[in-house]
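Following: one structure in structure tokens, then a few remarks.
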Amino acid sequence: MGNIIETKKLCKTFSNGGLQQHVLKNIDLEIYEGDYTIIMGASGAGKSTLLYTLSGMDKPTLGQISFNNKEITKMTIDKLAQFRRKNCGFVFQQTYLIDSMSVLDNVLVSGLLVNNNKKEVVKNAKEILKKVDIKEELWTKFPTQLSGGEAQRVGIARALINNPKLVFADEPTGALNSKTGKDVLDTLTEFNNKGQSIVMVTHDIKSARRGNRIIYLKDGEIVGECNLGKYIPNDKERHQKLSDFLIKMGW
Amino acid sequence: MKSILLAKSNLRKNKGLSICIALLILIGAIFLCVSCLLVFDFQKSSYKEAERLNASDAAIYSSGNAGNITKEYIDSIIPDSVSDYLYTEGLFVQTSIKFNEGEVTPYVNFIKSEALNRNISKIEIIEEDTSIIDNYIYIPYHIHTGGGINIGDTYEIKFPTNTYSFKVKGYINTIYGGSYNMNQYHMLISDEDYAKIENDNPTSKSFTLYINYKENFKDTSILKESNKIVREIFIDKNIETIVAPLNTTIESRTFLSMIFFASFFMTVIIIIGIVMLMIFNNISNYIKENMKNLGALKAMGYTTKDLKKSLLFQFGILTIIGLVLGIICGYLFMPIITNMLIAQSGIPYNLKFNIASTLITLIVISLFVLFVVMISIRKIKKIEPIIALRDGIENHNFKKNHIQLDKSKLSINTSLSLKNMFKNIKQNIISFITIIFLCFLMVASVTMYQNFSREPKLSLLTFEIADGIVSVDNDIKEEFVNDLKNDKDIKDFKYLTSYMMHDKDFSPFVVYILEDTSKINNKDNCYKGRHPKHDNEVAISGKYAKENGYNIGDEIEYQVGNKKYSYLITGFIQTTNNSGREAILSYDGAKQLINIDEVSSVYYFDSNLKASKIIDKYNAKYGDKIITTVDFQELIKSQLSTFVGIANLMVIVISIISGCIIVLVLYLLMKSMIYDRRYEYGILKALGYKTTDLVIQNVLAFMPIIIIATLIGTIISYFITNPYIGFNMRPFGIMKCTMVIPMDLSIISALFIISISVISTILMSLKIRKIEPYNLLIGE
């Protein structure tokens with residue numbers, strides 16, 4: 001599989017009242033098509049910053065990011081918005097659904113941005129909602145009327161409606177209980193198994209187990225990488241390999 | 001102390017909002033302060049001036065031919081109710097005098113220098129050039145302020161026998177005889193000139209009585225008591241006199257300021273209403289936006305009382321700043337208005353610090369703000385620290401998913417705009433109400449501009465409209481009428497004269513006599529019923545009818561000398577002159593009381609040429625047989641000059657204020673809306689929406705309401721402006737207002753409101769640019 005994203009010497013520095021904080025330091029990274037890439041690390045290691053920088057939501061201070069061999073670092077804000085709508089899907093920890101819109105509208109608001117064929121988008125949205133196990137009677141409900149797991153699955157449906165090349169997930173189970181968290185992870189795994197590339201930030205080992213490639217960040221630098229191969233439920237050997245890796249990383 | 005610190009920190013954090021609220025309070029304070037100053041200072045200053053000059057309770061003026069009325073005679077007829085009076089002599093002439101670019105035709109009364117020494121109804125020199133010692137004249141201050149005549153100018157007064165030329169030496173201040181509104185100008189000349197003119201014109205001798213009564217009578221009683229004197233003089237000496245009570249004189253001189261105040265007051269109410277609505281909305285938003293902070297403060301141990309005190313302190317500071325600056329601006333703005341009003345009243349006015357106006361402005365606005373703040377901050381009590389810290393207290397009460405994206409046939413951006421429109425219902429209602437009221441203010445101000453400045457609506461201010469008026473000696477009446485009939489330059493003409501009759505109380509009544517009422521140009525004149533057709537019919541002024549309980553179908557008695565006749569009231573006319581004591585009789589109707597051949601023959605004409613050319617033509621032909629001529633358009637132009645200034649000022653002020661209010665209101669609404677929806681914008685940006693998409697959505701979300709409100713506001717204003725202005729002008733005798741509502745200017749006003757709103761919405765929506773999805777999503 002070829003790479004979707006490639007970064008060269010990626011740096012991100014935040015300035016706060018003259019105080020400079022180097023959050024990402026010379027990151028060279030490739031994200032491959034079809035992979036379920038997990039970014040792990042302690043709090044403040046730069047995981048979320050790396051995720052949002054890779055997705056074009058935030059601009060790096062230095063370095064280069066190429067998406068499908070096209071550099072995105074020099075794109076204007078509007079070009080980046082257009083880039084994101086076509087290529088990226090986002091699943092956030094807090095779901096960030098729009099409270100004033102129904103479940104179906106939350107998915108369509110993303111779909112109709114890319115595809116003008118309303119009939120087709122509506123059909124796709126309904127199909128994808130069914131796929132993420134959101135029952136039809138919930139489609140007209142508002143996000144505040146859903147459970148945390150349901151809301152997150154709607155978030156996944158919204159992320160996937162435009163068939164993005166890459167889904168970025170930032171702690172998607174962070175605000176969920178273990179049962180609903182598992183359902184969400186199952187949904188993401190199912191899509192990955194069908195070929196959807198995913199990059200997920202987590203510090204939850206259960207979530208990390210779903211990935212085939214683990215990248216470990218420490219103080220803004222990639223300090224380790226582990227290839228687990230495709231996720232197989234209840235694969236103890238795979239679980240052990242991940243545990244060993246994380247212990248080695250000092251997790 | 002902790003509340004003060006909190007308030008200070010809030011003010012620092014919400015600079016834009018604080019400035020806006022202070023500005024809105026400032027605008028409200030300016031308008032309220034100016035209104036109060038007009039009522040409590042300007043209006044009262046006229047009465048104070050009257051008191052200072054020891055103006056009598058009433059004045060009785062005679063016209064010419066009064067040489068046989070002596071002080072001794074007046075002593076013999078003066079009633080017991082009079083405490084003291086002053087008899088003064090004068091030289092009377094009704095003549096056209098220069099006023100602005102044109103001429104007016106008042107009664108001019110020359111008085112001698114001894115008038116400066118009198119103690120009742122004093123005359124005071126306001127300004128003079130002592131270097132002018134010969135052939136001088138002191139003119140009333142009004143001829144300077146309203147008529148534009150200055151010291152050093154040459155001023156001509158035409159008597160039937162001669163035209164006398166003077167040099168203006170100074171201006172005099174006098175309550176009676178100082179304004180065209182009372183139709184009396186007293187002019188002071190040297191004793192030598194006085195003697196010469198008296199000698200040249202023996203029939204011009206007149207007198208004026210300044211009378212004080214023992215009791216503190218009201219105007220109606222003053223009129224009644226004074227009429228006893230008028231009746232005696234008429235019966236004994238056959239001389240007509242006019243009574244002018246003090247209050248009526250001052251009211252007629254400050255008539256314009258009252259109209260201005262009436263228009264201004266509605267503006268003040270609307271602006272204060274909008275200001276209070278915005279303060280209420282902003283405090284609510286402030287509490288909503290700062291829910292977490294307020295929750296945190298409560299968690300730290302701050303009580304509801306502490307938080308309420310801090311908000312009261314915060315809005316108190318803004319109110320004080322807005323009020324102080326507003327009152328200062330009000331005082332600075334006041335001379336612009338009063339200079340125009342003095343031009344009409346001719347009563348000198350010096351703006352001084354007025355405690356009542358200042359206190360009323362301070363107290364009214366402070367109480368309003370306090371009331372609104374107290375209502376708004378009630379919500380603080382409900383804040384539970386834990387709930388507020390977790391999510392803030394938000395009520396998700398989406399009853400309906402407006403514009404479902406799967407069913408909408410519109411583009412995604414338009415659909416989202418409409419969704420936002422329904423979501424911003426609170427902001428939209430506020431914008432809707434604000435714009436409706438601003439439309440009304442704009443239409444009302446352009447209507448005033450149209451009818452007083454652009455194309456003066458003369459029918460509101462005068463009994464009849466024509467191009468010119470010629471009064472001829474009765475000897476040449478028939479020949480003159482024949483000439484008018486055969487003159488190709490005359491479009492139409494009518495006989496229309498006036499005669500002083502008396503009502504049953506012997507109060508004077510100006511009665512217009514018309515040969516053919518169907519020829520009247522002023523179709524607004526008779527607003528109810530019809531003009532008199534038969535010899536037993538009369539149309540009286542609606543103001544007089546209302547004040548004295550007359551209805552159409554009732555009978556009213558008039559008398560001339562000992563002759564009396566009861567006429568049937570057929571209609572009501574509107575008039576702003578003579579305190580409404582005016583009526584219309586047909587030619588035959590007038591014959592019931594007077595010998596019409598003894599009344600001067602006055603003809604109103606409409607011509608194809610300029611009126612002055614027609615007047616010149618007949619002056620050349622008939623010479624001395626022409627008694628008076630009036631170039632009507634010039635006369636009206638002169639009289640309207642002060643109204644024009646006021647109307648123009650109104651349009652400018654209302655446009656600027658409306659523009660400022662729209663900008664401030666939209667700024668506050670958009671700011672809170674963008675803050676409210678910052679996460680939504682962040683999410684949409686993360687999903688790939690461009691800033692331009694979101695700005696367009698925002699603008700489109702506000703536009704329908706702004707356009708609908710402007711449309712509805714302009715249409716409603718079109719229908720209610722006349723009743724509203726009419727209601728305000730009722731006390732001045734205009735019972736039915738038929739002002740032309742200028743369609744073009746109303747459309748321009750509507751477009752102005754829409755343009756300002758669109759530009760403001762776009763500029764303020766650009767704040768969305770600053771929202772970065774990343775910062776919001778990571779919780780910054």
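All values below come from the heavy atoms of this structure, side chains included, with hydrogens, waters and symmetry mates left out.
- For S102(A) and T140(A), the side-chain atoms include no donor-acceptor pair closer than 3.5 Å.
- Interface remark: L97(A) contributes backbone atoms only to the contact with chain B (heavy atom separation under 4.5 Å).
- A side-chain donor from one of Y52(A) and D170(A) sits under 3.5 Å from a side-chain acceptor of the other.
- Of the residues considered (D78(A), L108(A), I77(A)), D78(A) shows the highest number of contacts with chain B, using heavy-atom pairs under 4.5 Å.
- Heavy-atom distances place both the backbone and the side chain of L687(B) under 4.5 Å from chain A.
- When each of V122(A), V109(A), L112(A) is checked for heavy-atom pairs under 4.5 Å with chain B, V109(A) comes out on top.
- Looking at D693(B), the atoms closer than 4.5 Å to chain A (heavy atoms on both sides) all sit in the side chain, from C-beta outward.
- No side-chain donor from either of D105(A) and Q404(B) sits under 3.5 Å from a side-chain acceptor of the other.
- Of the two parts of L104(A), only the side chain, counted from C-beta on, holds a non-hydrogen atom closer than 4.5 Å to a non-hydrogen atom of chain B.
- Residue I403(B) touches chain A through its backbone alone, counting heavy-atom pairs closer than 4.5 Å.
- With a 4.5 Å cut-off on non-hydrogen atoms, S408(B) touches chain A through its backbone and its side chain both.
- The backbone N or O of S197(A) sits nowhere less than 3.5 Å from a side-chain atom of K165(A) that would complete a donor-acceptor pair.
- Checked by atom type, the side-chain pair S760(B)/S757(B) shows no donor-acceptor distance below 3.5 Å.
- Atom-to-atom distance recorded for M57(A):CE and T49(A):OG1 is 12.0 Å, nearest 0.5 angstrom.
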